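As the structure is a prediction and not an experimental result, all values here were calculated from the model. Along the sequence shown, the residues carry numbers beginning at 1.
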Amino acid sequence: MRTIAGVLLTCAVVTVLFVMKNGVPVWGAPHPKDVASITVTWAEGGEQTCTDPEKIGLAVKLINSLSFQPFTPPPESSVQAGPDVTITYTLQDGQELSAGANWITGWWKGEPRALKEPDRFVRLAEGIFPQK
């Protein structure tokens, strides 16, 4: 029993430290093989659709940069401004998931949350999917 209690306590401490350092990761990201296409939409008006497996894989990995600060509401002004970039993932079965962010707030499946690393998602999206 002491060994089990020690292991559980260690797991709890490691989890808390991970969340404090990295934020809460996004759950429910699709597997790249399940995504038929992606559509990247910029607030300034640009939009591009990709079916290239390499770009789809990068877009799915981009979801991992949406780590949220636990128990921290996003600023109301940032939520009202909306995302600067939105990536819509169209799955093989027709279902759509969306991820987006501006410089402070991230959106996953339509819910705004305060980002742990505020500008990471937008900067990575700018590098992978430059505006045309």
*Roughly how far apart are Ile38 CD1 and Ile128 CD1, rounded to 0.5 Å?*
9.0 Å
*So which heavy atom on Ala114 is nearest to which on Pro74, and how close?*
N-CB, 3.9 Å
*asked:* Working to the nearest 0.5 angstrom, can you tell me the gap between Thr90 OG1 and Glu96 CD?
replied: 4.0 Å
*Which heavy atom of Asn102 sits nearest a heavy atom of Leu115, and at what distance?*
O-CD1, 4.1 Å
*Under a 4.5 Å cut-off applied to non-hydrogen side-chain atoms, are His31 and Val60 in contact?*
no
*At what distance, to the nearest 0.5 angstrom, does NZ of Lys116 lie from CG of Leu66?*
14.5 Å
*Return the set of residues passing side chain to side chain donor-acceptor pair (under 3.5 Å) with Glu44 (not counting sequence neighbours), or none when no residue passes.*
Gln131
*At their closest point, which heavy atom of Lys55 faces which heavy atom of Cys50, and how far apart are they?*
CB-CB, 4.2 Å
*Atom CG in Asp52, atom OG in Ser37: separation rounded to 0.5 Å?*
12.0 Å
Quick one: side chains of residues 119-127, donor-acceptor pairs under 3.5 Å with protein atoms, not counting sequence neighbours, listed by atom name and distance.
from	atom 1	to	atom 2	distance (Å)
Asp119	OD2	Arg123	NE	2.7
Asp119	OD2	Arg123	NH2	3.3
Arg120	NH1	Glu117	OE2	3.4

*asked:* Taking the side chain as everything from C-beta on, heavy atoms only, tell me whether Pro25 gets closer than 4.5 Å to Phe18.
replied: yes
*asked:* Using a 4.5 Å cut-off between side-chain heavy atoms of Ile, Leu, Val, Met, Phe, Trp and Tyr, which other residues end up in the same hydrophobic cluster as Leu8?
replied: Ile4
_Pro30 side chain reached by Ile63 side chain, heavy atoms, under 4.5 Å_ = yes
*Quick one: OG1 on Thr86 to CD on Glu47, what's the gap to the nearest 0.5 Å?*
10.0 Å
*According to a 4.5 Å side-chain heavy-atom criterion applied to Ile, Leu, Val, Met, Phe, Trp and Tyr, with indirect links allowed, do Val79 and Val26 form part of one hydrophobic cluster?*
no
Donor-acceptor pairs under 3.5 angstrom involving side-chain atoms of residues 103-110: please list them, not counting sequence neighbours.
from	atom 1	to	atom 2	distance (Å)
Trp103	NE1	Asp84	OD2	3.1
Thr105	OG1	Ser78	OG	2.6
Trp108	NE1	Trp27	O	3.1

_Partners meeting salt bridge (Lys or Arg N to Asp or Glu O under 4.0 Å) with Glu111 (sequence neighbours left out)_ = Arg113
*asked:* For the backbone of Ala59 and the side chain of Tyr89, can you confirm whether one donor and one acceptor N or O come within less than 3.5 Å of each other?
replied: yes
*List, by chain and then residue number, the residues other than Met1 in its hydrophobic cluster (Ile/Leu/Val/Met/Phe/Trp/Tyr, side-chain heavy atoms under 4.5 Å); write none if there are no others.*
none
